[in-house]
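One structure is given below, encoded as structure tokens.
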Amino acid sequence: MTDRNFCEMISRGAPGPGDGGKTGSWRVLRPVINLEACIPVKTNKMACFNCWLYCPDCSVSKTIPPVIDFEYCKGCGICAEECPAGAITMVDEATPIEEEK
Ligand code: SF4
Ligand code: SF4
């Protein structure tokens, strides 16, 4: 059996938006980013981006501000769980968009 160095093992996967189809239609809750609390917006630095990193559908951009692609965001809430600033709130999908901050 060949020795394997597990420390050197990395993911070779390159998922992108749409790999699971247009999963935006699954959404019951919608993530809303409070830009006043978002770290890269507040600091104007390419910092944090946990939402981008952890989104399983690659639906968040690594930009200032981060932007969510609702065609693919399935509303799982992982970004809200992983945001260290508590800047993402999951709201009912039926909430009108104009009521968002
Ligand atoms: S995880 Fe939260 S603080 Fe970090 S970039 Fe995303 S919204 Fe902003
Ligand atoms: S709720 Fe957040 S983590 Fe889940 S798919 Fe939407 S943007 Fe990605």
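Just so you know, ligand 1 is whichever comes first in the structure, and atom 1 is the first atom listed for that ligand.
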key: Geometric cation-pi criterion K74 and W26, 6.0 Å radius, 45° cone   = no

query = What residue and atom, counting heavy atoms only, is the protein's closest point to atom 6 (Fe) of ligand 2, and at what distance?
reply = C73 SG, 2.3 Å

key: C58 near ligand 2 by a heavy-atom separation under 4.0 Å   = no

ask   = Quick one: which ligand 2 atoms are inside 4.0 Å of a heavy atom on P56?
value = 3 (S)

remark   = Looking only at protein heavy atoms, what sits closest to atom 3 (S) of ligand 1 is I39 N, 3.3 Å

key: Protein residue, atom and distance nearest to atom 8 (Fe) of ligand 2, heavy-atom basis   = C55 SG, 2.3 Å

ask   = Heavy-atom contacts under 4.0 Å between I88 and ligand 1: side chain, backbone, both, or neither?
value = side chain

Pairwise distance SG(C38) to CD1(I88) - rounded to 0.5 angstrom = 7.5 Å

ask   = Has the side chain of D57 got a donor or acceptor atom that lies under 3.5 Å from a matching backbone atom of S59?
value = no

Close-contact set for ligand 1 against C38 heavy atoms, below 4.0 Å = 3 (S), 5 (S), 7 (S), 8 (Fe)

message = Looking only at protein heavy atoms, which one is nearest to atom 7 (S) of ligand 2, and what is the separation?
response = V60 CG2, 3.6 Å

query = Quick check: does any side chain N or O of R27 sit under 3.5 Å from a backbone N or O of C73, one acting as donor and the other as acceptor?
reply = yes

query = Got the closest protein heavy atom to atom 4 (Fe) of ligand 2, with its distance?
reply = C76 SG, 2.3 Å

key: Element-labelled atoms of ligand 1 that are located less than 4.0 Å from some non-hydrogen atom of N50   = 1 (S)

note = So the atoms of ligand 1 within less than 4.0 Å of a heavy atom of P40 turn out to be 5 (S), 8 (Fe)

query = Where is the nearest protein heavy atom to atom 2 (Fe) of ligand 2: which residue, which atom, and how far?
reply = C79 SG, 2.3 Å

remark   = Closest heavy-atom approach to atom 1 (S) of ligand 2 among G77, S59, P66 is made by G77

query = Does N50 reach the main-chain N or O of E82 with its side chain, forming a donor-acceptor pair under 3.5 Å?
reply = yes

ask   = Does L29 approach ligand 2 within less than 4.0 angstrom via side chain, backbone, both or neither, non-hydrogen atoms only?
value = neither

remark   = A student checking ligand 1 against C48 at a 4.0 Å heavy-atom cut-off should list atoms 1 (S), 3 (S), 4 (Fe), 5 (S)

inquiry  = To check your reading of the model: name the closest protein heavy atom to atom 5 (S) of ligand 2, its residue, and the distance in Å.
reply    = K74 N, 3.4 Å

request  = Examine C51 and say whether one of its N/O/S atoms is closer to atom 6 (Fe) of ligand 1 than 2.8 Å.
outcome  = yes

key: Residue F49 vicinity, atoms of ligand 1 by number, heavy atom under 4.0 Å   = 4 (Fe), 5 (S)

key: Close-contact set for ligand 2 against G75 heavy atoms, below 4.0 Å   = 1 (S), 6 (Fe)

